[in-house]
A.B. asks: 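Below you'll find the structure I mean.
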Amino acid sequence: MRRVIVAGTDGSAVAGEAVRWAVDDAVRRRAPLRIVHAVDRRPYGVSGLSASGTADSAARAGEGMLAEAARAAADRRPDAVVTTELIEGTPAVALRDEAAAAAELVVGSHGVGAVTGALLGSVPVCVAGHVDGAVVVVRPPTADPHGGIVVGIDDSDECGPALAFAFEQARLRGCPLRAVHARWTPSPGFEPGTGRAEDEVRCAVTDRLAAWKEEFPAVTVTQDMTCAPPAAALVDASERAALLVVGSRGLGAVGSLLLGSVSRQVLHHARCPVAVVRQARV
């Protein structure tokens, strides 16, 4: 059996979008969907507060959110296998624990506590790039759900998991894949910070993509190489995409657990769901 897909919910509208995205993907992957809601009981143990009553109230509210999310998922995809669970802990930590055994974790871009107009909540930032596998961040619908897949690519090994996830998504959906390699080169002919000739990098990127084309021959691939800041190019491409896929970090990133600057900017500004992939899973 394929690994489970986990979706987090807090009862917000954007969490509902995340659950709908997750159940669609679960059916495509023929994988079970597990919807979770995190309850942090620690604040209710502060002196002077009625810990048990308040915590129990929060748990009951969470169970209601889970029941509503399960109904929405079943209504959307009656053929899906859906379970729910109330988990304990702060949302970011609890969801990171859930992601450890999941094929992917799906969350909304912000929750009920988000400031109006905020681009991204704290939970996606704390989870994306901090766990193996894919974290899909879903925002309110702004892009064409029938668009293709866009993936960011360079000539580093770090983009391999993102490419694996993107090609599989394109195969499952039967849609085209657009691979975007953006380079910002103030000095013509050389990649900034690498000392490598631009043509050398271009060939390396093309060769890397060719290997994935051989593995996924049914996927129609367009290679887009442009001179622009990578984050800006990917955000622009997201306007016409159903999903944007990026690696958790790029060249020069410090520490394997840190979310790279490009991935962070894309999460804040992309116009479609974003998958941040640190290690591919099936």
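Both backbone and side-chain heavy atoms feed into the values below; hydrogens, waters and symmetry mates do not.
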A.B. asks: So, do V221 and L209 sit near enough that their side-chain heavy atoms are less than 4.5 Å apart?
C.D. replies: yes
A.B. asks: Which heavy atom in L33 sits nearest to a heavy atom in A26, and how many Å separate them?
C.D. replies: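 Closest approach of L33 to A26: CB-CB, 4.1 Å.
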A.B. asks: Just verifying a value: how many Å separate C126 SG and R96 CZ, rounded to the nearest 0.5 Å?
C.D. replies: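 It comes to 7.0 Å.
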A.B. asks: Less than 4.5 Å apart, any side-chain heavy atom of V36 and any of V6?
C.D. replies: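 They are in contact (side-chain heavy atoms under 4.5 Å apart), so the answer is yes.
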A.B. asks: For G108 and P124, work out which heavy atoms get closest and say how close.
C.D. replies: O-CG, 3.3 Å
A.B. asks: Same cluster for M225 and L177 if Ile/Leu/Val/Met/Phe/Trp/Tyr side chains link at under 4.5 Å?
C.D. replies: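 Linked, M225 and L177 end up in one cluster.
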A.B. asks: Less than 4.5 Å apart, any side-chain heavy atom of L243 and any of V150?
C.D. replies: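 They are not in side-chain contact.
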A.B. asks: Could you state whether V82 and V136 fall into the same hydrophobic cluster, counting links through intermediate Ile, Leu, Val, Met, Phe, Trp or Tyr residues with side-chain heavy atoms under 4.5 angstrom apart?
C.D. replies: yes
A.B. asks: Is V4 reachable from V27 through a run of hydrophobic residues whose side-chain heavy atoms are each under 4.5 Å from the next?
C.D. replies: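 No, it is not one cluster - the side chains of V27 and V4 are not joined through contacts under 4.5 Å.
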A.B. asks: Answer with yes or no whether the hydrophobic clustering places V125 together with V93; edges join I, L, V, M, F, W, Y residues whose side-chain heavy atoms lie under 4.5 Å apart.
C.D. replies: no
A.B. asks: Tell me whether F216 is reachable from V277 by hopping between hydrophobic residues (I, L, V, M, F, W, Y) whose side-chain heavy atoms are closer than 4.5 Å.
C.D. replies: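 Yes, V277 and F216 fall within the same hydrophobic cluster.
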A.B. asks: Keeping the roles fixed (side chain from R173, backbone from R28), state whether a donor-acceptor pair exists under 3.5 Å.
C.D. replies: no
A.B. asks: To check you understand the geometry: which heavy-atom pair defines the closest contact between W212 and A164, and what is its length?
C.D. replies: CH2-CB, 3.4 Å
A.B. asks: Does any non-hydrogen side-chain atom of V19 lie less than 4.5 Å from one of I35?
C.D. replies: yes
A.B. asks: Evaluate the criterion side chain to side chain contact (heavy atoms under 4.5 Å, CB included) for residue pair V245 and I149; output intermediate values, then yes/no.
C.D. replies: CA-CA 8 Å; V245 185; I149 308 297; 4.0 Å; yes
A.B. asks: So K213 and V219, do their side chains get closer than 4.5 Å, heavy atoms only?
C.D. replies: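 Of all side-chain heavy-atom pairs linking K213 with V219, none is under 4.5 Å.
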A.B. asks: Minimum heavy-atom separation for H269 and V235, please, with both atom names.
C.D. replies: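 Nearest heavy atoms, H269 then V235: O-CG1, 3.6 Å.
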A.B. asks: Carefully, step by step, assess E168 and R29 under the rule salt bridge (Lys or Arg N to Asp or Glu O under 4.0 Å).
C.D. replies: CA-CA 10 Å; E168 179 67 3; R29 288 172 174 261; over 6 Å; no
A.B. asks: For A38 and A94, work out which heavy atoms get closest and say how close.
C.D. replies: CB-CB, 4.0 Å
A.B. asks: Go through it in stages, so that I can follow the logic: the residues are V205 and Q223, the test is side chain to side chain contact (heavy atoms under 4.5 Å, CB included), and I'd like the CA-CA distance, side-chain angles, deciding distance and then a yes or no.
C.D. replies: CA-CA 9 Å; V205 169; Q223 185 173 343; 4.0 Å; yes
A.B. asks: Once rounded to the nearest 0.5 Å, what's the spacing between atom CZ of R202 and atom NE2 of H181?
C.D. replies: 7.5 Å
A.B. asks: If you apply the rule side chain to side chain contact (heavy atoms under 4.5 Å, CB included), what do you find for L105 with V131, and how did you get there?
C.D. replies: CA-CA 9 Å; L105 172 67; V131 297; 5.5 Å; no
A.B. asks: For V276 and L267, what are the C-alpha separation, side-chain angles and deciding distance, and is it a side chain to side chain contact (heavy atoms under 4.5 Å, CB included)?
C.D. replies: CA-CA 9 Å; V276 179; L267 280 175; 4.0 Å; yes
A.B. asks: Are E63 and L66 side-chain neighbours, meaning at least one heavy-atom pair lies under 4.5 Å?
C.D. replies: yes
A.B. asks: Taking side chain as C-beta onward, heavy atoms only, is V266 less than 4.5 Å from L244?
C.D. replies: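 Counting from C-beta outward, V266 and L244 do come under 4.5 Å.
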A.B. asks: Hey, what do you get for OG (S109) to CZ (R139), rounding to the nearest 0.5 Å?
C.D. replies: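 Answer for the OG-CZ pair, S109 versus R139, is 5.0 Å.
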A.B. asks: Looking at every non-hydrogen atom in both residues, tell me the closest pair between V123 and P91 and how far apart they are.
C.D. replies: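 Nearest pair, atom of V123 first, then P91: CG2-CB, 3.9 Å.
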A.B. asks: Please report the interatomic distance CZ(R20) to CG(D25), rounded to the nearest 0.5 Å.
C.D. replies: 15.0 Å
A.B. asks: Calculate, to the nearest 0.5 Å, the distance between atoms CD and CG belonging to E215 and L163 respectively.
C.D. replies: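 Between E215 CD and L163 CG, I get 10.5 Å after rounding to 0.5 Å.
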A.B. asks: Quick one: CZ on R76 to CH2 on W21, what's the gap to the nearest 0.5 Å?
C.D. replies: 11.5 Å
A.B. asks: Counting N and O atoms only, with roles assigned by atom type, does the side chain of H37 sit under 3.5 Å from a partner on the main chain of G62, one being a donor and the other an acceptor?
C.D. replies: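 Checking the backbone N and O of G62 against the side chain of H37, no donor-acceptor pair under 3.5 Å is found.
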A.B. asks: State whether the side chain of S238 and the backbone N or O of A241 hold a donor-acceptor pair below 3.5 Å, judged by distance alone.
C.D. replies: no
A.B. asks: Does a side-chain heavy-atom distance below 4.5 Å link V107 with L95?
C.D. replies: yes
A.B. asks: Taking S263 for the side chain and G247 for the main chain, is one N or O donor matched with an acceptor at less than 3.5 Å?
C.D. replies: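 Between the backbone of G247 and the side chain of S263 there is a qualifying donor-acceptor contact (under 3.5 Å).
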